[in-house]
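I have placed the structure first, in the form of structure tokens, so that the comments after it can refer back to it.
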2 protein chains.
Amino acid sequence: MKDMIKKLKEIGLKVTPQRLAILEIIKGDRTHPSAEKIYDRISRKYPGLSFATVYSTLSKLVGVGEIQELDIDPNKKRFDPYTSVHWHFYCKTCKKVYDVDYDSSLTPGIKKIGGHQIDSIQLNFKGVCKHCTHK
Amino acid sequence: MKDMIKKLKEIGLKVTPQRLAILEIIKGDRTHPSAEKIYDRISRKYPGLSFATVYSTLSKLVGVGEIQELDIDPNKKRFDPYTSVHWHFYCKTCKKVYDVDYDSSLTPGIKKIGGHQIDSIQLNFKGVCKHCTHK
DNA sequence: TTGGATGCAAAAGATTTGCACTCCC
DNA sequence: GGGAGTGCAAATCTTTTGCATCCAA
């Protein structure tokens with residue numbers, strides 16, 4: 001909790017109960033939740049929380065690099081609080097997003113490509129996950 | 001035109017004027033258009049074309065691997081008729097998607113990762129493109 | 001002829017916005 | 001006190017769906 005307060009202050013955002021709850025929920029969540037999933041989980045504890053607040057907070061956290069927005073689920077945005085380098089696998093059947101480590105000699109620091117300035121890189125694998133395959 | 005008819009028959013889809021128009025428009029289009037852009041371009045020639053037809057045809061073409069659906073634009077699906085191996089750069093400013101070649105020793109044939117079966121791979125770079133940077 | 005394809009409009013799902021009220025700093 | 005933050009509902013945007021009609025094979 002102390003951590004979250006400190007983090008928000010560092011970022012320059014006002015500390016509110018809603019934001020603390022959002023940070024607390026997503027940090028440590030390795031399921032790559034959508035905005036709706038995050039809203040669901042929090043509104044159990046904080047009835048009255050609104051979507052607008054969730055979206056606005058998530059968007060601010062993405063803006064400062066505190067969490068990452070994933071473009072891997074074709075139907076919605078997914079969020080990842082884990083910011084160190086890793087990649088993702090999306091299961092077309094169960095819609096789960098898995099972290100994958102893949103050492104591809106990829107990107108160790110490329111900042112430009114084709115003359116374009118790179119801010120972020122996503123390597124997305126898609127298919128059917130091992131759990132769905134075995135059913 | 002002959003090509004398109006042949007292609008549709010190979011795929012096993014009925015040959016209709018709408019589908020021919022869609023194929024004709026997207027093949028050779030290197031702008032990674034969204035469904036709406038495709039609809040716009042075609043409906044100039046074919047008034048009365050419906051969104052439902054565009055979406056349904058695109059989805060069938062994706063299904064047979066004739067075109068690729070890109071998860072890179074956070075706001076909508078983009079389509080790519082160019083099926084050989086290459087990657088993409090998305091400009092956060094102008095929203096254009098550029099093709100990029102990046103030989104990363106990446107993927108030359110990995111079929112599984114973390115035990116999951118891989119169908120497709122996308123490597124997405126994001127940032128500000130050279131044209132937007134220079135403005 | 002007949003099942004797949006189309007057009008239209010309505011519906012669904014995700015995200016954003018406007019605005020009045022609230023409360024953190 | 002003032003401005004950022006919040007809640008609510010309506011609006012927007014993209015994509016899907018239901019259904020009657022149509023047409024390619």
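Lettering of chains follows the sequences in order, A, B, ..., and the numbering in each one begins at 1.
At a threshold of 4.0 angstrom between heavy atoms, the contacts of A/K9 with the nucleic acid are absent. Using a 4.0 Å heavy-atom criterion, one finds that A/K76 contacts the sugar-phosphate atoms exclusively.
In summary, B/K126 and A/D71 engage in a salt bridge, as defined by a charged side-chain N under 4.0 Å from a carboxylate O. Between B/E36 and B/K76 there is no salt bridge, since none of the side-chain N atoms of the basic residue sits less than 4.0 Å from a carboxylate O of the acidic one. Ion pairing of A/K27 with A/E66 is present here, as a side-chain N (NZ or NE/NH1/NH2) and a carboxylate O approach within less than 4.0 Å.
Between A/T16 and C/dC24 there is no side-chain polar atom (N or O) within less than 4.0 angstrom of OP1 or OP2. Put simply, B/K60 has a side-chain N or O that comes within less than 4.0 Å of OP1 or OP2 on C/dA5. A/S50 has no side-chain polar atom (N or O) that falls below the 4.0 Å cut-off from OP1 or OP2 of D/dT6. Using a 4.0 Å cut-off, some side-chain N or O of A/Y55 falls inside it from OP1 or OP2 of C/dT15. Using a 4.0 Å cut-off, some side-chain N or O of A/R19 falls inside it from OP1 or OP2 of D/dT6. The shortest distance between the side-chain N/O atoms of B/Q18 and the OP1/OP2 oxygens of C/dG7 is below 4.0 Å.
In this structure, the OH atom of B/Y39 is 11 Å from the P atom of C/dA9, given to the nearest Å. With rounding to whole Å, A/F51 atom CZ is found 9 Å from C/dA14 atom C1'. Rounded to whole Å, the distance from OH on B/Y46 to P on D/dC22 is 20 Å. Atom CG of B/L49 is separated from atom P of C/dC8 by 9 Å (rounded to the nearest Å). Atom CD of B/E69 and atom C1' of D/dT16 are 13 Å apart (whole Å). B/D40 places its CG atom 13 Å from the P atom of D/dC13, with the value rounded to the nearest Å. In this structure, CG of B/L58 is placed 14 Å from C1' of D/dT16, rounded to the nearest angstrom. A/K37 places its NZ atom 12 Å from the P atom of C/dT15, with the value rounded to the nearest Å.
Heavy-atom contacts from other residues, nucleotides or ligands closer than 6.0 Å to NZ of A/K45 number 12 or fewer.
For the pair B/L13 and B/K77, both in contact range of DNA chain D, the more 5′-proximal nearest nucleotide belongs to B/K77. Residue order along DNA chain C, read from the 5' end via each residue's closest nucleotide, puts A/R78 first among A/R78 and A/V15. Where B/A52 and B/K14 each meet DNA chain C at their nearest nucleotide, the meeting point lying more 5' is that of B/K14.
B/H88 and B/D80 share a donor-acceptor pair across their side chains, judged by distance under 3.5 Å alone.
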